[in-house]
Amino acid sequence: MKQRRQQAWDWIDSRIGYTECFLPLLTHIVPRDARWWYVFGSATLTAFLVQVASGVCLAMAYVPAGDQAYESLKFITEQAPFGSLLRGMHAYGASAMVMLVVIHLAQVYLHAAYKYPRELNWMTGVVLFFAVLGMAFTGQLLRWDANGVWSVFVATEMAARAPLVGPLISDFLMGGETVGGSTLTRFFVYHVFVLPGVIFAGVGLHLFLLFRHGVSEMPDAEQPVDPATYKSEYKARLAATGVPFWPDAIWRDVVFSAAVVATIVGCAAVFGPPALDAPPDPASINANPMPDWYFWWYFAVLSLVPPSFELWFILGVPVVGFLVLFCLPLFCGKGHRAPSKRPWAIGIVVASLAGFVVLTIYGYREPWSPDFGVPLLPESVVGVDGGPVAQGAVIAHEKGCLFCHAVGGLGGHRGPDLSDIGRQLSRDELIIRINNGGYNMPAFAGSIDSERLSLLVAFLQSRDGGTPAHSPGE
Amino acid sequence: MNQTAGPPKERPCCGEAPDRRAFHTRLTLALSGVIGALMVTPGLGFVLAPLFRSRVQKWRSVGKLEDFKPGATVLVEFEDPSPEPWAGTTAKTGAWLRRAGESEFIAFSINCRHLGCPVRWVETASLFMCPCHGGVYYSNGDVAGGPPPEPLARYQVRVRDGVVEILTAAVPLTTTPI
């Protein structure tokens with residue numbers, strides 16, 4: 001029996017070439033110090049496989065048509081067996097993939113593994129990074145709820161700003177001049193065929209280059225990269241101290257990937273998929289489009305950047321960002337790899353991380369957006385339950401002042417807090433400010449009469465930052 | 001036992017004349033190009049067709065004249081100019097419509113001129129406000145605050161036989177003239 005099995009395997013092996021072609025790949029020699037720092041690339045690939053597996057299943061029930069996509073997603077989420085879990089895995093898998101690809105990129109940059117002879121490893125990786133971001137964005141649109149539909153407007157509006165070809169690009173993305181039936185089918189194709197094709201091809205090339213040049217060693221401050229001698233020195237070191245990838249090194253990749261998959265499935269099982277927003281309707285204005293969390297920083301920047309720089313920023317960040325990253329190894333492809341010898345690299349990574357965290361928090365808090373849901377100020381904040389001050393508080397709500405300004409902790413954060421505005425501005429100054437407006441503040445002269453203006457000013461003058469006159473229950 | 005012993009007979013592998021080989025090389029490259037072109041051209045035409053389609057504008061009715069109170073700004077919905085049969089609700093678009101006189105109307109796009117988000121009319125404040133990046137417009141559509149670079153776009157409106165009609169247009173991207 002054992003002999004028959006051996007014969008059968010030999011027959012197969014001689015034809016598919018496992019021993020000749022694939023085994024050497026598995027057992028290729030890698031540096032001994034390739035330890036836990038090196039698990040992020042394989043984990044990104046694992047997360048991609050989660051996306052492929054869950055995405056293929058979802059595509060069996062998802063209908064990429066404007067009139068049925070939302071209903072099919074509701075069916076997947078609420079009725080299909082394991083549908084909710086699969087949607088959750090796809091959503092958390094996307095987050096994991098974005099996080100891991102960024103960590104992998106940062107690690108490779110910090111250790112300067114992009115230097116000779118691995119410049120093209122890095123370049124293919126940068127293309128893959130942007131393809132992953134494209135997958136994340138188009139996937140958000142495929143949810144095709146109100147948020148998804150309005151995100152298309154934002155995306156096409158940004159694309160349309162490009163000089164000369166902008167409107168053509170937006171028409172191409174939308175499949176016409178409006179967001180409609182063709183738009184979803186196009187984004188479905190980008191998400192399911194085009195970008196995965198780029199990723200499959202890119203991963204293949206990335207891995208081929210990895211095998212061709214070998215896994216980079218941990219940087220050593222005493223071993224700067226010299227293209228004239230690097231390959232022979234690397235080969236000698238590998239021969240002296242290397243270990244086979246299988247099984248001496250791969251186990252760490254598998255352990256970490258298992259943890260990643262367990263986290264993805266665990267989050268999907270515990271928290272469920274992202275809730276669907278209202279049904280898609282480009283005519284519905286009660287939407288508050290927000291991208292997924294990994295784009296909040298960009299959402300924040302679009303609010304904070306001065307209008308005169310906005311066009312440059314919208315077009316510049318993606319294009320220049322790609323070019324800088326892509327061409328990086330062409331300009332510094334040799335020399336020191338150790339972070340201790342490259343303080344600028346550490347500074348750039350730390351600054352980027354800090355910027356991302358701060359802007360993401362700002363993006364989440366939306367301090368610039370009108371807070372349409374702010375309630376009428378309660379008596380505990382106004383301090384009185386009648387008279388001009390109380391009437392003025394109602395007018396402050398009606399005129400939308402509280403959409404942007406907070407009073408006593410309630411209201412928006414777009415404009416300055418008005419809790420002690422009565423101590424800062426006189427009655428005349430308040431009247432001038434309300435009538436004429438100011439930076440980012442509308443002028444209300446044409447929409448408020450003198451009587452209501454007096455009541456509003458009376459309320460604002462009463463805001464001295466102190467304790468309200470009395471509170472309920474007193 | 002039928003195998004012949006000894007080394008195989010020497011036979012030049014590429015015995016073709018150089019000019020014949022060059023011809024075959026050129027033929028292979030040319031025909032490969034033709035195959036590629038035949039495969040790709042119809043697809044390119046199909047995919048790029050929306051870029052060359054002439055923009056369609058159609059008058060869409062949004063209600064009877066008496067349905068609109070003078071001075072009030074209301075949200076109206078109508079079908080976009082070129083709906084696909086499978087578009088469903090996504091074929092709809094909207095406008096903020098105000099009756100400015102007996103038969104005079106003003107229609108504003110609901111798309112913020114900053115990045116296209118849906119602006120809301122806040123009646124009590126007489127302002128249009130955008131939830132995305134804080135764009136604010138006065139009741140006449142002029143920018144009152146925030147990042148929008150220009151006033152709200154306007155649609156053409158007419159009244160025919162007691163019915164209010166709006167001239168549909170492409171998505172009012174800031175680069176699209178209406």
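Quick caveat, the model's predicted, so the values are computed rather than measured.
- Note that OG1 of B/T124 and CD1 of A/I448 are 10.5 Å apart. Values are rounded to the nearest 0.5 Å.
- With B/Y138 contributing its side chain and A/A443 its backbone, the two residues share a donor-acceptor pair below 3.5 Å.
- Closest of all the heavy-atom pairs between B/L115 and A/M158 is CD2-CG, 3.5 Å.
- For the pair A/W150 (side chain) and B/C117 (backbone), a donor-acceptor distance under 3.5 Å is absent.
- Distance alone, capped at 3.5 Å, is enough to place a donor-acceptor pair between the A/N440 side chain and the B/G146 backbone.
- If you measure heavy-atom distances from B/P81 to chain A, the contacts under 4.5 Å come from the side chain alone.
- Annotation for B/E66: atom CD counts as buried by contact number, over 12 foreign heavy atoms lying within 6.0 Å.
- The contact between A/I314 and chain B is made entirely by side chain atoms (from C-beta outward), counting heavy-atom distances below 4.5 Å.
- For chain A, the option among B/A49, B/G145, B/G88, B/P50 with the highest count of heavy-atom pairs below 4.5 Å is B/P50.
- Note that OG of B/S126 and CZ of A/F444 are 9.0 Å apart. Values are rounded to the nearest 0.5 Å.
- Between B/G116 and A/E157 the shortest heavy-atom distance is N-CG, 4.2 Å.
- You'll find the side chain of A/R186 reaches within 4.5 Å of the side chain of B/V47, heavy atoms only.
- Of the listed residues (A/V179, A/V149, A/L302), the one with the most heavy-atom contacts under 4.5 Å to chain B is A/L302.
- Here B/L127 is the residue among B/L127, B/V143, B/V136 with the most heavy-atom pairs under 4.5 Å with chain A.
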Could you go step by step and tell me if B/T90 and A/T183 meet the side chain to side chain contact (heavy atoms under 4.5 Å, CB included) rule?
CA-CA 9 Å; B/T90 57; A/T183 311; over 6 Å; no
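- Taking the side chain as every heavy atom from C-beta outward, A/T178 and B/T93 never approach each other to under 4.5 Å.
- No part of B/F52 comes within reach of chain A, as not one of its non-hydrogen atoms sits under 4.5 angstrom from that chain.
- In this structure, A/S447 and B/A125 approach most closely via the heavy-atom pair OG-O, 4.0 Å.
- Closest non-hydrogen pair, A/D281 versus B/E77, comes out as OD2-OE2, 3.8 Å.
- Of the atoms belonging to A/T185, it is side-chain heavy atoms, and not backbone ones, that fall under 4.5 Å from chain B.
- The contact between A/F372 and chain B is made entirely by side chain atoms (from C-beta outward), counting heavy-atom distances below 4.5 Å.
- Of the atoms belonging to A/F403, it is side-chain heavy atoms, and not backbone ones, that fall under 4.5 Å from chain B.
- Proximity to chain B (any heavy atom under 4.5 Å) is shown, for A/A69, by neither the backbone nor the side chain.
- More than 12 heavy-atom neighbours from other residues, nucleotides or ligands sit within 6.0 angstrom of CG on A/D449.
- In this structure, A/W293 places its CH2 atom where more than 12 heavy-atom neighbours from other residues, nucleotides or ligands lie under 6.0 Å away.
- For B/L51, the parts sitting under 4.5 Å from any heavy atom of chain A are the backbone and the side chain alike.
- In this structure, A/D371 CG and B/M129 CE are separated by 11.0 Å, a value rounded to the nearest 0.5 Å.
- The shortest non-hydrogen separation linking B/C130 to A/P370 is O-CD, 3.3 Å.
- Of the listed residues B/G94, B/P118, B/A144, B/P147, the one with more heavy-atom pairs under 4.5 angstrom with chain A than any other is B/P118.
- Smallest separation of non-hydrogen atoms from B/R53 and A/G176: NH2-CA, 3.8 Å.
- Interface remark: B/V76 contributes no atoms to any contact with chain A (heavy atom separation under 4.5 Å).
- For B/W121, no part lies under 4.5 angstrom from a heavy atom of chain A.
- For A/E310, the part lying near chain B is the side chain, with the backbone staying farther off; criterion is any non-hydrogen pair under 4.5 Å.
- Between the NE2 atom in B/H133 and the CZ atom in A/R414 there is a gap of 9.5 Å [rounded to 0.5 Å].
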